[in-house]
Colleague: 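Submitted below is the structure of interest, expressed as structure tokens.
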Amino acid sequence: MNTHFHAIIPAGGSGTRLWPLSRKASPKFLHDVLGTGRSLIQSTWDRVAPLVGPGKVWVVTGESHLDQVAEQLPEMSVRKILAEPSPKDSAAAIGLATMLIAKEDPDAIVGSFSADHSITNVDEFRLVIDQACAAAETGDIVTVGIMPRNPATAYGYIETGELLGLDRAPTARRAMAFAEKPAASTAREYVTSGRYRWNAGMFIAKASALLEVLETEDPTLHAGLSQIAEAWGTDAQAEVLAEVWPGLEKRAIDYVVAEPAAAAGRVIVIPGDFGWDDVGDFDSVARLRQPVPGEPSGVISIGGNCELLEIDASGVVFSESEQPRTVAIVGLDDLVVVDTEDVLLITSRSHAQDVKKAVSAAGERGLDDLL
């Protein structure tokens, strides 16, 4: 364990492809989406807390979710749950947390780990992050590149170069470039080449190095965050936050830090193969819950007070209803049923990406209480 390593957990977004389970008021990271007995953010805590030690996990979330996060993570100091007045994407969230960490520990190495991802091989994940911390000592920005399972078009990719020969990070390679979500034909070329990895959005770096790139690439954002960080924890915090935060540009850390640093030859990739998934939609949830991926497994029931009757069927059923409910599925394959107190969703795994369109439709009809 590196004694200067701190973990940042950005916990934002409404997860519209997992609606109606995930809502603005209760996004997916607060739910036990995978039926493990722990919410996604709790599972993230379970993975990263042992890597950094007591008092070195920071969460950045929306003001409306502060109490829920604090309740789910009672081990955390509320002082280290940073509340955003409004969503400003990951550059502002990670940048602010990094500045506050650097004030406490000028020699800090920070690692950013999304609150709503799944990792099945935690031991391998920790070995990869150990290498990432060692590689970060060089002063470069380090990211984790996931070995592609298939030519997915829903993820960004990282092109990798030669091995760097780092003693404590033997698998470290130079990152040549970041690529946007590709078309299917391009994704196949990426995977076939063997040079590309999925971009899981994990970044590990010296706090000073990350902030240096941020200041160079977006001095306005850096200046605004510096004002907020300077006032944080003082009587002026609320006033400065209210004044400065609304004017911050909404940008992702990939565009502000990772891509420019890669273009300058300052990004290192540690390849990882530890069962990563972004739990982006109900198809990925069903896949993660299958005992043997790719093989039929009947209907999987997750959560709630649900009695399931399945006849010649397969798929996944989520229930958050407090009242006892019997769900019968007959003669349908790869079905997704989500039963909440006010919405019943029925779709198929093949149309899981389209669930967000139902959210848009609800908004257009003025059904704001369902969003």
Side-chain angles (χ1 to χ4, degrees), residues 10-35 39-41 60-72 83-90 92-93 114-118 154 181 245-246 250 252 278-286 288-289 299-308 313 315-330 332 334-371:
S14 55
T16 54
R17 288 174 295 168
L18 286 170
W19 179 87
L21 197 68
S22 180
R23 313 279 187 104
K24 285 183 179 179
S26 183
K28 67 175 180 177
F29 61 81
L30 294 171
H31 293 265
D32 179 14
V33 174
L34 300 175
S39 71
L40 292 176
I41 194 171
V60 189
T61 194
E63 283 183 347
S64 60
H65 305 135
L66 177 62
D67 291 342
Q68 293 165 289
V69 170
E71 182 180 351
Q72 290 204 7
E84 301 175 298
S86 60
K88 290 294 181 181
D89 218 323
S90 56
S114 178
D116 53 11
H117 292 176
S118 169
K181 296 175 182 178
W245 189 267
K250 193 174 183 178
D278 73 342
V279 198
D281 58 31
F282 288 113
D283 179 57
S284 65
V285 172
L288 287 165
R289 291 291 294 169
V299 180
I300 303 157
S301 177
I302 299 177
N305 194 2
C306 177
E307 182 71 30
L308 185 61
V316 61
V317 173
F318 293 86
S319 175
E320 286 204 335
S321 174
E322 294 181 3
Q323 298 297 319
R325 176 90 72 181
T326 299
V327 176
I329 303 177
V330 181
L332 295 172
D334 291 332
L335 193 69
V336 175
V337 177
V338 185
D339 181 29
T340 68
E341 295 294 339
D342 55 353
V343 176
L344 175 65
L345 169 72
I346 302 172
T347 185
S348 64
R349 289 180 58 178
S350 61
H351 284 79
Q353 289 277 326
D354 294 331
V355 169
K356 61 184 177 183
K357 296 180 181 178
V359 181
S360 298
E364 290 168 2
R365 295 187 188 185
L367 303 174
D368 294 343
D369 57 327
L370 300 183
L371 302 181

Colleague: Under the side-chain hydrogen bond (donor to acceptor under 3.5 Å, both in side chains) rule, collect the residues that match up with Asp67, sequence neighbours excluded.
Modeller: none
Colleague: Suppose we screen for side chain to side chain contact (heavy atoms under 4.5 Å, CB included). Which residues come up paired with Ser348, at least two apart in sequence or across chains?
Modeller: Ser350, His351
Colleague: Who passes side chain to side chain contact (heavy atoms under 4.5 Å, CB included) against Ser64, sequence neighbours left out?
Modeller: none
Colleague: Mind checking what makes side-chain hydrogen bond (donor to acceptor under 3.5 Å, both in side chains) contact with Asp283, not counting sequence neighbours?
Modeller: Arg349
Colleague: Within a reach of under 6.0 Å around CD of Glu71, are more than 12 heavy atoms found that belong to other residues, nucleotides or ligands?
Modeller: no
Colleague: Mind running side chain to side chain contact (heavy atoms under 4.5 Å, CB included) on Ser118 and Leu34 for me, showing each step along the way?
Modeller: CA-CA 9 Å; Ser118 169; Leu34 300 175; 3.6 Å; yes
Colleague: Sequence neighbours excluded and cut-off under 3.5 Å, please list the side-chain donor-acceptor pairs for residues 23-30, or say none.
Modeller:
{"unit_1": "Arg23", "atom_1": "NE", "unit_2": "Pro20", "atom_2": "O", "d": "2.6"}
{"unit_1": "Arg23", "atom_1": "NH1", "unit_2": "Asp342", "atom_2": "OD2", "d": "3.4"}
{"unit_1": "Arg23", "atom_1": "NH1", "unit_2": "Leu370", "atom_2": "O", "d": "3.3"}
{"unit_1": "Arg23", "atom_1": "NH2", "unit_2": "Thr340", "atom_2": "OG1", "d": "3.4"}
{"unit_1": "Arg23", "atom_1": "NH2", "unit_2": "Asp342", "atom_2": "OD1", "d": "2.7"}
{"unit_1": "Ser26", "atom_1": "OG", "unit_2": "His31", "atom_2": "NE2", "d": "3.0"}
{"unit_1": "Lys28", "atom_1": "NZ", "unit_2": "Asp278", "atom_2": "O", "d": "3.3"}
{"unit_1": "Lys28", "atom_1": "NZ", "unit_2": "Val279", "atom_2": "O", "d": "2.9"}

Colleague: Using the salt bridge (charged side-chain N to carboxylate O under 4.0 Å, His left out) criterion, which residues pair with Asp339? Sequence neighbours excluded.
Modeller: Arg325
Colleague: Sequence neighbours left out, what passes side chain to side chain contact (heavy atoms under 4.5 Å, CB included) with Thr326? Give chain and number order.
Modeller: Glu307, Leu309
Colleague: Which distance, rounded to the nearest 0.5 Å, do you find between the CG of Asp116 and the CG of Leu18?
Modeller: 9.0 Å
Colleague: In chain order, what residues pass the side-chain hydrogen bond (donor to acceptor under 3.5 Å, both in side chains) check against Gln353, with sequence neighbours excluded?
Modeller: Arg17, Asp281
Colleague: With a 4.5 Å cut-off on side-chain heavy atoms, are Val299 and Val317 touching?
Modeller: yes
Colleague: Residues in side chain to side chain contact (heavy atoms under 4.5 Å, CB included) with Val359, at least two apart?
Modeller: Thr16, Trp19, Leu371
Colleague: With a 4.5 Å limit on heavy-atom distance, are the side chains of Val327 and Ser319 in contact?
Modeller: no
Colleague: Would you list the pairs meeting salt bridge (Lys or Arg N to Asp or Glu O under 4.0 Å) in which at least one residue belongs to residues 360-371, sequence neighbours left out?
Modeller: none
Colleague: Can you list the residues that meet the side-chain hydrogen bond (donor to acceptor under 3.5 Å, both in side chains) rule with Glu84, with sequence neighbours excluded?
Modeller: none
Colleague: Out of curiosity, Lys250 NZ to Ser86 OG, how far, rounded to the nearest 0.5 Å?
Modeller: 8.0 Å
Colleague: How far apart are the closest heavy atoms of Phe318 and Val33, and which atoms are they?
Modeller: CE2-O, 3.2 Å
Colleague: Which heavy atom of Lys181 sits nearest to which heavy atom of Ala154, and what is that distance?
Modeller: CE-O, 3.1 Å
Colleague: So, using salt bridge (charged side-chain N to carboxylate O under 4.0 Å, His left out) as the criterion, who are the partners of Asp354 when residues are at least two apart?
Modeller: Lys357
Colleague: Is there side-chain contact between Val343 and Val338, with at least one heavy-atom pair below 4.5 Å?
Modeller: no
